[in-house]
Amino acid sequence: NYKRYLYQRVFLERLSYWAFVSAAQTLRPIKPPASHYLVFLFNSVSLSPEYSLSTSSPHRSPPSHSHRKMPDVQSMVLEFVNKLRKRKIEGSQATARCTVELLRSVISHHRVPHANQASALIDAVKAVGAQLVAANPVELAVGNVVRRVLHIIREEDLSLATAAVAGLDLLDASDDDEDVNGKGIGYPGMSAAVVAAAARSTLRPPSLQTLLEGTPESATVPYTSSSGADSESKTADKSSITRKLKHDVIEGVNQLIHEIAGCHEQIAEQAVEHIHQNEVILTLGSSRTVLEFLCAAKEKKRSFRVFVAEGAPRYQGHLLAKELVARGLQTTVITDSAVFAMISRVNMVIIGAHAVMANGGVIGPVGVNMAALAAKKHAVPFVVLAGSHKLCPLYPHNPEVLLNELRSPSELLDFGEFSDCLDFGTGSGSPLLQVVNPTFDYVPPSLVSLFITDTGGHNPSYMYRLIADYYSADDLVM
Amino acid sequence: MDPRRGPLAVPKVRRVGFFTSIEPSPETPRPNRSLSGPAEAITSSSPLSDSPSGQFISPVQIPPSRHHSDNLASRAAPVPVPGPSAFRRQLANDRTLHVGSYNPVDSLLGTSPPSSNGEVSEDSGSLFGFQRSDSAKLSASFPNGGFDMTVAVRAPGESEAKVATASTSDGRKKNVEASGESESVATKPRKEKETRSLKEKTSKAERRAIQEAQRAAKAAAKGEGSKRAGESSRPKPSKPAKQPQPKKEAPQVTSSVSEKRAVSVEKERRMDVPQTQMQYDDKSRVDKAKRRSVVEQTESKNKVELFLHLPQYERGNQLPNLSSNIFTLDTIHHAVYKVGLQHLAGDIAGDNARCIAMLHAFQEAINDYTTPPMKDLTMDLTAKINGYVSFLIECRPLSMSMGNAIRFLKNQIRKLPVDLSEPEAKASLCSEIGRFIDEKILLADKVIVQHAVTKIRDGEVLLTYGFSCVVEMILLYAHEIGRKFRVVIVDSRPNLEGQKLLRRLVTRGLDCTYTHINAVSYIMGEVTRVFLGASSIFSNGTLYSKVGTACVAMVANAFSVPVIVCCEAYKFHERVLLDSICSNELGKFPLALLYLILLVLDFANKSVACVEIFAGDPDAIANVPLRNNKKHSKTMDNNKNLQFLNLMYDSTPAEYISMIVTDYGMIPPTSIPVIVREYRREDLLL
């Protein structure tokens with residue numbers, strides 16, 4: 001049986017190679033005017049790496065009618081970068097949504113060349129992504145979303161390729177005799193690899209053959225070839241395929257936006273499974289996910305009590321408490337220092353993550369590690385809620401320091417009050433008084449009992465696999 | 001309660017047992033004791049070593065200091081009790097006797113740390129050995145410091161005050177031992193009578209105690225013969241040290257004499273066992289207490305269900321009312337009243353400060369006290385003090401250390417000699433209180449500083465939490481003697497006591513890092529040692545301290561950083577505690593303050609989130625001013641579903657504590673019950 005399967009695969013590959021070549025060749029001349037216009041109108045965002053956005057005017061691409069639109073996207077990117085840099089946007093969800101919306105407009109404004117559509121898009125997105133990540137390297141959601149978009153582009157590309165394969169499968173007989181016509185398409189070997197990848201992606205389970213085949217991963221293939229084939233089609237369905245990539249990508253990005261916006265509901269749906277009657281729940285930080293989660297349980301007529309640590313020095317716990325009370329939950333605000341004292345009476349700790357790392361570690365609001373340790377000590381389940389945009393494919397190294405951010409000391413100390421003490425320098429020039437005010441905290445996976453994402457509950461040890469589903473391997477380094 | 005007695009018996013050998021529960025064998029202390037040579041030498045040369053108790057194999061035998069008997073004698077005779085200066089003199093005398101022992105006077109002068117303690121390591125094994133010797137030495141070198149008062153002294157001090165010392169002449173007998181063995185049979189009839197008369201006066205609890213004791217004595221009578229035979233060879237049962245905590249020992253006491261003995265002992269035990277704390281969910285008791293109370297407390301409307309057993313009052317609003325009638329109240333002495341108000345307002349914070357303030361107020365009150373006609377000084381003064389104490393409790397629940405100090409004071413009053421005239425009695429009490437403050441708190445702090453400084457090496461990063469005056473003294477002293485180190489001060493809302501410490505340290509030129517408790521796991525990576533203060537340490541090793549201490553200790557433990565707790569021994573308490581819920585104090589959540597902070601922050605940042613916060617309350621956004629703020633917090637406050645919980649203390653499990661530095665030396669938390677058992681009681685009875 002398996003042998004047959006292998007043969008099938010090989011056959012399919014051969015077939016698809018021919019199909020591709022033929023399709024590309026035949027479809028070239030018949031380009032519908034509408035699409036042509038679209039491409040030109042939005043052509044020029046020119047986000048390839050060599051374009052530095054801040055000094056882009058000399059590099060602007062010539063087409064005059066695109067000039068109107070171009071600064072629009074560019075300024076949007078700039079504006080967002082500035083916001084990120086100044087930390088005007090906070091919270092991983094808000095950031096993620098803004099990022100993905102920006103990327104969508106980048107994609108939609110990007111002029112797709114006739115050849116290498118996907119790689120051009122990927123380059124463009126990567127360039128913007130790199131800027132965004134550099135603007136706020138601590139906000140991992142940005143990187144996550146950029147990677148997700150890249151992944152979407154690759155996936156769409158692949159699925160288009162497979163669709164083409166499937167379509168050409170039927171047309172195979174008629175197109176058989178077409179010649180390879182290298183116009184705008186990469187050479188056959190490349191195309192074959194893409195098609196192989198496409199085939200792989202259609203036949204989901206990774207087979208022994210694909211592993212042994214030795215073809216490079218779809219991702220590692222330079223995307224020179226694939227999508228050029230889609231730009232034209234002889235028949236009606238083929239012509240739809242050509243225009244599809246960008247459309248599909250935008251479609252996919254829209255889905256991502258939808259997913260990010262709706263992750264609360266997805267997670268909240270699972271609340272009833274985890275919260276029972278008369279439970280005492282501790283939470284800290286202000287997370288909308290947690291809020292929705294608790295409220296969902298409340299709506300299901302579960303009555304329970306919530307302890308909220310106030311989360312000094314930002315006091316986000318108070319915000320959360322206010323929201324919870326507004327929704328009719330029994331809420332008690334405690335000081336952060338009382339976390340250990342209260343944990344013995346708590347049935348469950350539920351927190352919203354800032355980011356979830358691939359090893360199952362969690363980056364959360366400052367103070368989380370303390371709560372996690374206390375929960376471990378008292379064998380209280382420590383549950384982390386995380387939307388899929390918070391799942392980061394990176395493995396952290398020294399995250400307490402490297403993935404952290406120090407905020408203004410003025411949140412802790414009044415400068416005016418202590419200015420009189422500060423004069424007493426040691427003479428060495430080093431200040432006598434330092435104030436440390438970190439934003440985040442890292443919880444190692446060993447302290448986490450459960451992750452609840454929009455796809456369900458998971459063990460910390462499983463997170464790497466879950467994360468692997470969302471990203472392609474070669475986007476990890478941006 | 002009990003009639004005052006004549007001169008007290010003077011014990012000759014005191015036996016301080018570090019007994020089997022902790023020690024592997026009774027022999028082990030021997031080599032250790034040789035470290036504290038003088039004590040041993042004197043023990044062996046003591047004329048009393050041939051007394052019955054002297055033959056017992058007791059792990060540590062510490063001779064009574066001679067001036068202690070002087071003391072007692074002076075008290076027996078109507079002579080004014082020597083003031084603090086006299087004590088100092090005696091202390092100095094004593095120092096010459098105990099050559100080589102740890103010298104508290106040295107520590108007062110701030111000389112280099114004693115070499116014998118210098119090498120104490122943190123690991124509990126070796127520490128324990130040192131601790132033993134340390135404590136022995138210490139106790140030997142604090143002749144009247146209350147450390148060295150033997151258990152045997154306690155027997156004369158308290159039980160004999162009630163029963164045994166009915167015979168004034170016998171009281172002088174050298175070999176009066178708490179075991180009752182040496183108690184002269186001649187005193188028996190008189191004592192019996194004594195007990196009868198006592199019984200008439202005793203309270204319900206005491207009667208119960210007596211009954212219990214009698215039952216115990218009956219049981220003891222059965223196995224008496226054999227026990228008697230084996231007594232001298234069996235060290236443990238007849239250890240005088242054990243006498244006051246008898247339950248177990250009671251059966252071993254011989255029947256006829258022991259009956260009364262046990263009675264007194266039982267009664268004494270009753271008195272020593274701390275009263276169970278008032279449970280505020282017990283309606284009837286609360287009502288009763290309310291009727292008596294001076295302070296009008298409004299109960300907070302939104303009580304936290306989990307803490308119904310604790311008083312939950314609105315704070316702050318009773319203050320003007322109280323301060324207005326400060327001169328109209330005659331039941332409470334004005335000094336006590338003032339201290340109460342200061343406690344209430346939070347002007348005096350910190351356990352030591354509160355305790356000292358209270359004791360000074362009591363001193364003043366006692367000075368101004370005159371016994372009403374037809375009344376007994378002991379009884380009346382005790383009642384007065386009780387009144388003061390309950391007033392203070394109304395103002396703010398007492399800390400454990402204050403409870404201990406009050407017990408000390410009551411014991412002092414109880415064992416005042418009968419024939420002391422009123423001024424003398426008052427002078428004696430005042431000087432005793434002064435001595436308690438000096439030796440139990442101030443001197444103890446200095447000893448602790450000396451010990452703890454040996455744990456600070458160059459280049460270390462020390463973390464401390466909140467504000468503890470002992471820790472502050474340690475840090476400043478270490479800085480003074482030239483250690484180079486850095487201090488991390490962790491603080492927490494709402495009190496922000498750490499800022500006080502920060503200010504003091506920075507002005508003295510220490511290199512400080514300041515952060516809040518949430519960031520403790522961020523900063524802990526660079527910390528090499530954690531110094532913590534304590535409010536109390538319970539006999540199961542649980543550290544009861546300012547809320548957040550447990551968090552810090554836990555994180556330090558997770559990062560494998562040693563946690564050193566600095567605590568005076570008078571704060572040790574024989575209660576046990578498992579969590580922070582059962583016994584705690586609730587502060588009022590300073591809501592208004594918080595929202596002030598929130599508003600200021602938000603408007604400074606002009607961030608979007610902040611506007612959202614107060615979107616429901618446009619006034620609050622429009623006008624930053626405080627009055628709107630107040631209104632806002634008020635609406636928050638009145639919401640049924642929202643409660644604010646402001647715990648004052650939490651309890652740190654013993655496993656997080658590497659070492660406790662106390663005035664007896666550096667000990668592991670497992671040794672707390674030993675200290676409590678062997679020393680604290682005698683301290684109280686001194």
Side-chain angles (χ1 to χ4, degrees), chain A residues 88 90-91 280 305 307 309-315 318-319 321-322 324-326 328-342 344-345 365-367 369-370 373-374 377 400-401 404 409-413 417-418 420-422 424 426 430 432-438 441-442, chain B residues 304-306 488 491-494 499 502-503 506-523 525 546-551 554-555 558 579-581 584 589 594-595 597-598 601 604 607-609 612-613 616 636 639 641-647 649-653:
Chain A
K88 285 256 178 75
E90 282 187 309
V280 179
R305 150 183 308 279
F307 285 112
E310 61 176 4
R314 303 181 67 191
Y315 308 111
H318 283 265
L319 308 188
K322 210 180 159 200
L324 287 173
V325 169
L329 275 97
Q330 277 278 317
T331 310
T332 305
V333 179
I334 62 172
T335 51
D336 302 310
S337 41
V339 164
F340 186 89
M342 298 307 298
S344 60
R345 297 298 186 273
V366 68
N369 188 30
M370 202 167 72
L373 281 171
K377 155 85 181 161
E400 294 94 339
V401 178
N404 215 331
S410 64
E411 288 179 347
L412 292 183
L413 269 191
E417 213 176 295
F418 272 82
D420 54 330
C421 307
L422 294 177
F424 294 79
T426 44
S430 63
L432 275 181
L433 173 57
Q434 295 168 11
V435 178
V436 179
N437 183 13
D441 224 346
Y442 174 72
Chain B
V304 182
E305 201 182 307
L306 199 53
V488 177
D491 207 351
S492 80
R493 257 191 26 91
Q499 293 194 1
L502 178 69
R503 175 175 286 279
V506 169
T507 42
R508 296 289 285 273
L510 275 83
D511 191 358
C512 292
T513 303
Y514 179 80
T515 188
H516 56 93
I517 185 150
N518 276 334
V520 69
S521 48
Y522 173 86
I523 204 84
K546 181 177 142 56
V547 66
T549 307
C551 292
M554 174 186 67
V555 174
D579 58 18
S580 321
I581 312 287
N584 213 320
F589 211 90
L594 170 72
Y595 278 89
I597 294 169
L598 253 186
L601 262 184
S607 72
V608 187
E612 277 171 8
I613 306 169
M636 293 280 285
N639 197 316
N641 284 330
L642 182 61
Q643 294 127 5
F644 289 89
L645 176 63
N646 184 12
L647 282 182
Y649 296 100
D650 68 4
S651 54
T652 311

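Chain naming here is simple, since letters A, B, ... match the order of the sequence lines and numbering starts at 1 in each.
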### Message
Just by distance, no angles: are the side chains of Asp336(A) and Ser492(B) close enough, under 3.5 Å, to form a donor-acceptor pair?
### Response
no
### Side chain, backbone, both or neither of Ser651(B) within contact of chain A (heavy atoms, under 4.5 Å)
backbone
### Message
Can you list everything that forms a side-chain hydrogen bond (donor to acceptor under 3.5 Å, both in side chains) with Tyr514(B)? Sequence neighbours excluded, please.
### Response
Asp491(B), Gln499(B)
### Task
Flag the pair Val339(A) / Ile517(B) as yes when at least one side-chain heavy-atom distance between them is below 4.5 Å, and no otherwise.
no
#### Entry: Partner chain A: residue of Leu510(B), Val520(B), Val488(B) with the largest heavy-atom pair count (under 4.5 Å)
Leu510(B)
### Query
Do the non-hydrogen side-chain atoms of Asp650(B) and Thr549(B) ever get within less than 4.5 Å of each other?
yes
### Task
State the CD1-NE2 distance between Ile523(B) and His516(B), to the nearest 0.5 angstrom.
10.0 Å
### Task
Just give me the residue among Asp441(A), Val436(A), Asn369(A) that pairs up with chain B most often, heavy atom to heavy atom, under 4.5 Å.
Val436(A)
#### Entry: Pick from Val280(A), Asn437(A), Asn404(A), Leu412(A) with the largest number of heavy-atom pairs that fall under 4.5 Å of chain B
Leu412(A)
### Query
For Leu329(A), is it the side chain, the backbone, both, or neither that has a heavy atom closer than 4.5 Å to a heavy atom of chain B?
backbone
